[in-house]
Amino acid sequence: MSDMFKKTKAFSGFAVDDIQAAKRFYGETLGLDVTEEYGMLTLHIEGGTAILIYPKPGHTPAVYTILNFPVADIEQAVDELTKRGVRFEQYDGHEGPKTEAKGIYRGEGPYIAWFKDAAGNILSVLQKK
C-alpha cells in the first residue's frame, strides 16, 4: 500500500441543518474562529486544525459526541457557557453516564459535560483529572 495518506493533512467534518445558525453558535456562543466559503463553514481550531461544517437537507443530529473541547477547568467552562445560553445535557445513568446537577460527569475517565450545537449535534467539554 502506498503512503498517500501518511502525509496528507486530513480534517474532520460534520453536517448541520442551518449554516447561519451554526456560524452564530460556533463563532459567537463558543467564540471560535469561523470562516465561510462555498456555503460551508470552517472552524479554525488551535494547532492549525480545521473542521468542516456543511449543510445537509433533512439533517438528523448525531446521537454521539462529534466534537470534544479539552479545558483546564470544567466548572469554569460549564459556568461560562451556561452564561452564554448553552444548556448542558442531563443523563440519569440508565443508559450510560450519570451527570451531576450542572451536567458534569465525574466517573471513570476525564470529567466531561455534554451540550448540543444549534443543529442538535452533541459536543463536550472535558477536563483531565
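Throughout, numbering of the chain's residues begins at 1 and tracks the sequence.
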| Which residues share a side chain to side chain donor-acceptor pair (under 3.5 Å) with Thr35, sequence neighbours left out | His44

| query | Quick one: side chain to side chain donor-acceptor pair (under 3.5 Å) partners of Asp79, sequence neighbours excluded? | reply | Lys102

| query | Tyr38: what forms a side chain to side chain contact (heavy atoms under 4.5 Å, CB included) with it, not counting sequence neighbours? | reply | Met40

| request: For atom OH of Tyr91, decide whether the heavy atoms of other residues, nucleotides or ligands shown that lie under 6.0 angstrom number more than 12. | output: yes

| Can you name the residues that form a side chain to side chain donor-acceptor pair (under 3.5 Å) with Ser124, not counting sequence neighbours? | Asn68

| field | Tyr105 to Pro97 - nearest heavy-atom pair and separation | value | CD1-CB, 3.4 Å

| field | Closest heavy-atom pair and its distance - Ala119, Pro61 | value | O-CG, 3.2 Å

| query | Do you reckon Ile122 sits in the same ILVMFWY cluster as Val71, going by side-chain contacts under 4.5 Å, direct or chained? | reply | no

List the atom pairs, with distances to 0.1 Å, where a side-chain N or O of residues 13-26 and a protein N or O form a donor-acceptor pair under 3.5 Å, not counting sequence neighbours.
residue : atom : partner : partner atom : Å
Asp18   : OD1  : Gln20   : N            : 3.0
Asp18   : OD1  : Ala21   : N            : 3.0
Gln20   : NE2  : Glu36   : OE1          : 3.4
Gln20   : NE2  : Glu36   : OE2          : 3.1
Lys23   : NZ   : Glu36   : OE1          : 3.0
Arg24   : NH1  : Gln20   : O            : 3.4
Tyr26   : OH   : Asp117  : OD2          : 2.7

| Reported CG-to-CG distance for the pair Leu52 and Leu43, which is rounded to 0.5 angstrom | 8.5 Å

| field | Same cluster (ILVMFWY, side-chain, under 4.5 Å), Phe11 and Leu67 | value | no

| task | Answer yes if Leu126 and Val86 sit in the same cluster of Ile, Leu, Val, Met, Phe, Trp and Tyr residues linked by side chain heavy atoms under 4.5 Å apart, and no otherwise. | result | no

| request: Provide the full list of side chain to side chain donor-acceptor pair (under 3.5 Å) pairs with a residue in residues 46-57, sequence neighbours left out, each pair given once. | output: none

| said: Between Gln90 and Thr99 (side chain of the first, backbone of the second, donor and acceptor by atom type, cut-off under 3.5 Å), is there such a pair? | reply: no

Could you go through residues 106-115 and list every donor-acceptor pair under 3.5 Å that involves a side-chain atom there, pairing it with any protein atom two or more places apart or in another chain?
residue : atom : partner : partner atom : Å
Arg106  : NE   : Glu100  : OE1          : 2.8
Arg106  : NE   : Glu100  : OE2          : 2.9
Arg106  : NH2  : Glu75   : OE2          : 2.1
Trp114  : NE1  : Thr65   : OG1          : 3.1

| Going from CG on Leu123 to CD1 on Ile66, what distance comes out if it is rounded to the nearest 0.5 angstrom? | 5.5 Å

| query | Taking only residues two or more places apart in sequence, or in another chain, which ones meet Thr82 in a side chain to side chain contact (heavy atoms under 4.5 Å, CB included)? | reply | Val78, Phe88

| request: Begin with the C-alpha distance, continue with both residues' side-chain angles, and end with the deciding distance and a verdict on side-chain contact (heavy atoms from CB on, under 4.5 Å) for Ile53 and Thr42. | output: CA-CA 6 Å; Ile53 300 177; Thr42 300; over 6 Å; no

